[in-house]
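Take a look at the following structure, please.
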Amino acid sequence: MPNVTLPDGSARSFADPVAVADVAVDIGPGLAKAALAGRVDGRLVDTSFVIADDAEVAIITARDAEGLEILRHSTAHLLAQAVQELFPGTQVTIGPVIEDGFYYDFARDEPFTPEDLAAIEKKMAEIAAADLAVHREVWDRDDAIRHFSDIGEKYKAEIIRDLPADEVISVYGQGDWKDLCRGPHVPSTRHLKVFKLTKVAGAYWRGDASNEMLQRIYGTAWPDKKSLKQYLRRLEEAERRDHRRIGKDLDLFSLQEDAGGGLVFWHPKGARIRRVIEDFWREQHVAAGYELLYTPHIALQTLWDTSGHTDFYRESMYRPMEEDNQLYQLKPMNCPFHILIYKQGLRSYRDLPLRWGELGTVYRHEMSGALHGLLRVRGFTQDDAHIFCSEEQIEAEILRILDLTLFMLESFGFNDFAVNLSTKPEKAVGSDEIWEKATDALRGALAAKGLDYELDAGGGAFYGPKIDVKIRDAIGREWQCSTVQLDFNLPERFDMEYVAADGERHRPIMIHRALLGSIERFFGILIEHYEGRFPAWLAPVQAVILNITDRQEAYVGEVKELLENQGLRVEADLRNEKIGFKIREHTLQRVPYLLVVGDREAESNTVAVRTRDGQDLGSMPVKEFAARLEAELASRGRTSMEE
RNA sequence: GCCGGCGUAGCACAAUUGGUAGUGCAACGGUUUUGUAAACCGUAGGUUGGGGGUUCGAGUCCCUCCGCCGGCACCA
């Protein structure tokens with residue numbers, strides 16, 4: 001006689017053990033129809049699950065986050081069923097839920113074509129419409145292995161063989177199709193109405209590059225058509241913001257076949273933005289107590305032997321070049337160079353902490369398939385710095401770094417962060433004590449800064465714990481740029497020392513940190529974040545002066561000179577074109593302010609100001625415009641004449 | 001690196017079963033002197049990513065290399 005307590009606190013009694021589906025019926029016919037699964041005492045179950053004892057029960061529908069996941073998971077099964085019906089002999093493997101959808105990996109010799117996808121989608125719709133009941137069976141492990149082996153599903157058999165011994169082997173069936181699955185699943189295929197297959201791709205079996213490659217079909221599924229539409233709109237929005245597209249349209253940068261993959265060419269307008277970023281970066285670092293360094297781009301390979309890079313980083317390094325019977329190595333990192341500077345002399349505890357920064361250009365031979373616009377390149381400039389300090393200074397230094405990090409990121413319009421703290425992995429250098437001490441220091445700094453963070457236990461590098469900061473951009477995507485890493489390894493390898501107050505020699509702690517990550521990558525993210533509509537302080541051209549007829553040519557020159565003399569980035573467009581044409585062009589180029597000049601303005605020493613949003617700010621004296629723009633620049637985008 | 005797709009003028013794209021490589025924008029020249037998102041006329045622009053092959057004939061089919069795109073793997 002189970003008593004069922006619902007989420008709203010109300011209770012219902014049943015005379016006999018009752019299925020989740022029947023609880024839903026008992027509550028109401030609408031809910032019964034929408035029920036996808038149940039949560040019984042915190043555990044997700046099928047609607048066919050029978051409740052025998054008193055329990056807390058919730059009916060899960062597509063409106064619940066769990067319900068949506070179940071919906072997607074069941075749609076993955078629907079996909080697998082459709083594929084096997086259309087392409088007999090195709091083996092199934094796994095089909096999990098991912099963000100916004102699902103995928104299913106298949107083993108088949110022939111590749112799936114886009115036409116195949118359309119056919120599969122159609123088949124899926126047919127099966128869904130057939131309203132097949134989805135039922136769960138519990139099988140004996142050996143029977144299950146035998147069954148899947150017999151029908152030629154060697155991947156499924158392998159999965160079952162590797163399941164923990166106490167795991168219940170459940171098999172879900174719909175129509176005459178069956179798949180091993182933990183579940184839960186929707187009660188019938190009729191719930192699977194709104195889905196779309198999005199792409200085919202290769203993927204390694206069990207995510208291991210030494211295994212065979214399977215074919216992965218990606219799809220998305222939603223509770224209703226409106227959500228699907230919103231999702232597709234979101235994808236379009238992301239595409240509109242693609243930095244590769246905008247970089248070309250605004251003539252900011254290029255990657256060229258003639259030069260090789262992953263090597264970035266900064267065009268004049270992109271270079272202007274980079275200069276603003278770098279100038280700001282240097283200024284802020286000097287203010288934060290950093291010294292700035294310059295170091296070479298190549299060094300003897302023996303240096304990289306000392307650092308250990310030729311050993312564990314060889315894959316990513318460009319091949320060495322030989323000169324005078326010695327091997328030189330293009331640098332993949334800046335750290336050893338900063339250490340060499342440190343070692344030019346005996347350091348005292350009075351020197352610490354040393355904060356040394358460099359916009360250091362490094363080259364890494366990333367695998368060809370990894371390259372992606374500005375986000376993954378082979379030559380890039382890290383906004384790198386290394387801090388050498390004593391153990392006691394770690395926490396204070398981390399706190400300073402976090403302050404500077406957040407300030408920098410906020411200056412570029414990012415206000416939403418996700419922080420990760422990664423601790424000691426299995427394989428690590430350094431004593432447990434130092435790891436513990438250092439990790440405590442990181443934790444302390446995070447607490448002092450009042451930052452919430454997620455703990456990635458065992459996720460640290462082998463040489464020390466780290467803090468990563470992810471930023472969320474204008475459309476909610478997360479990017480990891482900033483990283484702060486402690487290093488117990490390199491000081492050891494380079495035998496770094498300082499003389500402490502006690503007269504003894506001690507090993508300094510090394511902190512690696514990058515705030516923007518790499519200038520290239522950060523620029524790419526920045527382009528997408530602002531959709532190319534950079535705030536005026538970053539905009540390559542802050543204002544364009546447009547004449548209406550040739551009569552204003554001289555006046556345009558005066559205005560331009562006046563604004564330029566104030567350090568503003570302005571251009572004149574004196575072309576023999578209609579004003580509408582010029583406005584269109586510079587608006588598309590995302591120039592923040594268009595200064596229109598006709599006879600009226602020339603006579604009154606004014607400019608008619610139009611924003612890139614199409615807003616008319618009216619005519620104003622040139623000096624007033626200059627003053628307002630100056631104020632806007634000083635605020636670094638926090639205030640604007642726009643809007 | 002792996003799986004699949006793609007590569008045509010500066011850019012966006014077109015070209016029947018293999019049969020004369022086009023259109024728009026941009027560029028250049030001219031006309032027009034214009035008031036807030038595209039004036040008009042004309043000119044020029046290509047070894048169809050590179051190399052090889054099949055064919056009477058290849059942008060189109062095959063091989064190979066390079067690059068790009070979507071994933072996977074990688075991302076100290």
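Residue numbering restarts at 1 for every chain, and letters A, B, ... go by the order of the sequence lines. None of these values were measured; they are calculated from a predicted model.
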- Look through every strand shown and name the nucleotide pairing with B:U54 as Watson-Crick or G-U wobble, where both distances are under 3.5 Å. none
- d(A:F522 CZ, A:S482 OG) to nearest 0.5 Å is 8.0 Å
- Message: Would the base of B:A37 count as contacting A:R612 through its side chain, where contact means a donor and an acceptor less than 3.5 Å apart?
- Response: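 Looking at the base of B:A37, it does not pair with any donor or acceptor on the side chain of A:R612 (distance under 3.5 Å).
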- Task: May I ask you to say what A:G261 touches in the nucleic acid, namely base, sugar-phosphate or nothing, with a heavy-atom cut-off under 4.0 Å?
- Result: sugar-phosphate
- Task: Give one of base, sugar-phosphate or nothing for A:A209, where a contact means two heavy atoms less than 4.0 Å apart.
- Result: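 It contacts sugar-phosphate atoms only.
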- Task: Grab the CG-C1' distance between A:L117 and B:G70 for me, whole Å please.
- Result: 12 Å
- Determine which nucleotide pairs with B:U8, using a 3.5 Å limit on both distances of a Watson-Crick or G-U wobble pair.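 Pairing partner: none.
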- Item | Watson-Crick/G-U partner (both atom distances under 3.5 Å) of B:A73 | none
- Query: At under 4.0 Å between heavy atoms, what does A:H372 touch on the DNA or RNA strands: base, sugar-phosphate, or nothing?
  - Reply: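 If one applies the 4.0 Å heavy-atom cut-off, A:H372 turns out to touch the sugar-phosphate alone, with no base involved.
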- Task: Any strand is fair game: report the nucleotide pairing with B:G29 by Watson-Crick or G-U wobble, both distances under 3.5 Å, or none.
- Result: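 Result: B:C41.
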- Task: Using the P atom as the reference point in each nucleotide, state the distance between B:G49 and B:C11 in Å, no decimals.
- Result: 13 Å
- Sugar-phosphate only, base, or nothing, as touched by A:E577 at under 4.0 Å among non-hydrogen atoms: base
- Quickly, which of A:T381, A:T295, A:T361, A:D384 forms a side-chain hydrogen bond (donor to acceptor under 3.5 Å, both in side chains) with A:N334? Name it, please. A:D384
- Is A:R551 touching bases, backbone alone, or none of the nucleic acid, heavy atoms closer than 4.0 Å? sugar-phosphate
- Using the P atom on both, measure B:G5 against B:A37 and round to a whole Å. 46 Å
- Message: Over all strands shown, is A:I579 touching base, sugar-phosphate only, or nothing at heavy-atom distances under 4.0 angstrom?
- Response: sugar-phosphate
- Using only side-chain N and O atoms of A:R610, determine if any of them is under 4.0 Å from OP1 or OP2 of B:A37. yes
- Donor-acceptor pair (no angle test) under 3.5 Å: A:E601 side chain, B:G35 base: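 Indeed there is one.
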- Query: Under 4.0 angstrom, heavy atoms only, what part of the nucleic acid is A:R244 near: base, sugar-phosphate, or nothing?
  - Reply: sugar-phosphate
- Heavy-atom count around A:K122 NZ within 6.0 Å, excluding the residue itself: above 12?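 No, because the 6.0 Å sphere around NZ of A:K122 holds 12 heavy atoms or fewer from other groups.
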- Contact class for A:G580 vs. all strands (heavy atom < 4.0 Å): base, sugar-phosphate, or nothing?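 Sugar-phosphate, backbone atoms only, no base.
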- Query: Is any side-chain N or O of A:D616 under 3.5 Å from a base N or O of B:U36, one able to act as donor and the other as acceptor?
  - Reply: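 Between B:U36 and A:D616, which were checked side chain against base, a qualifying N/O pair under 3.5 Å is absent.
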- Test applied, side-chain contact (heavy atoms from CB on, under 4.5 Å); reference residue, A:I545; option that passes from A:L574, A:V559, A:D573: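 Single side-chain contact (heavy atoms from CB on, under 4.5 Å) partner of A:I545 among A:L574, A:V559, A:D573: A:V559.
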- Query: With distance as the sole criterion, do the side chain of A:R206 and the base of B:C72 form a donor-acceptor contact below 3.5 Å?
  - Reply: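 For A:R206, whose side chain was compared with the base of B:C72, there is no donor-acceptor pair (under 3.5 Å).
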- Task: Both distances under 3.5 Å, Watson-Crick or G-U wobble: report the partner of B:U60, or none.
- Result: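 For B:U60, the partner nucleotide comes out as none, under the 3.5 Å rule.
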- Item | For B:G22, the Watson-Crick or wobble counterpart (both distances under 3.5 Å) |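 B:C13 - that is the nucleotide pairing with B:G22, both distances being under 3.5 Å.
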- Item | Crowding at CG, A:D162 (>12 non-hydrogen neighbours, <6.0 Å) |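 Result for CG/A:D162: enclosed.
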- Query: If we take the P atom in both B:C13 and B:G52, what is their distance in whole Å?
  - Reply: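 Pairwise P distance, B:C13 against B:G52, rounds to 30 Å.
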- Task: Look at atom CD of A:E315 and say whether more than 12 heavy atoms of other residues, nucleotides or ligands are closer to it than 6.0 Å.
- Result: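 Open.
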- Heavy atoms under 4.0 Å, any strand shown: does A:K578 hit a base, just sugar-phosphate, or nothing? base
- Integer angstrom distance from the C1' of B:G10 to that of B:C3: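 Comparing C1' positions in B:G10 and B:C3 gives a spacing of 33 Å.
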- Message: Under 4.0 Å, heavy atoms only, any strand: does A:Y463 hit a base, just the sugar-phosphate, or nothing?
- Response: base
- Message: Would you measure the distance from the C1' atom in B:C6 across to the matching atom in B:G19 and give it in whole Å?
- Response: 25 Å
- Quickly, which of A:R108, A:E153, A:Q91 forms a side-chain contact (heavy atoms from CB on, under 4.5 Å) with A:Q84? Name it, please.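 So the option named by the test is A:E153.
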- Roughly how many Å is it from CZ in A:R575 to P in B:U33, rounded to a whole number? 19 Å
- Would you kindly check whether a donor in the side chain of A:Y204 faces an acceptor in the base of B:G71, or vice versa, at under 3.5 angstrom? no
- Query: With a 4.0 Å cut-off on heavy atoms, is A:L546 in touch with a base, just the backbone sugar-phosphate, or nothing at all?
  - Reply: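 The answer is nothing, as A:L546 stays clear of every strand by at least 4.0 Å.
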- Query: How would you label the contact of A:G614 with the nucleic acid (heavy atoms, under 4.0 Å): base, sugar-phosphate, or nothing?
  - Reply: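 Since no nucleic acid heavy atom lies under 4.0 Å of A:G614, the category is nothing.
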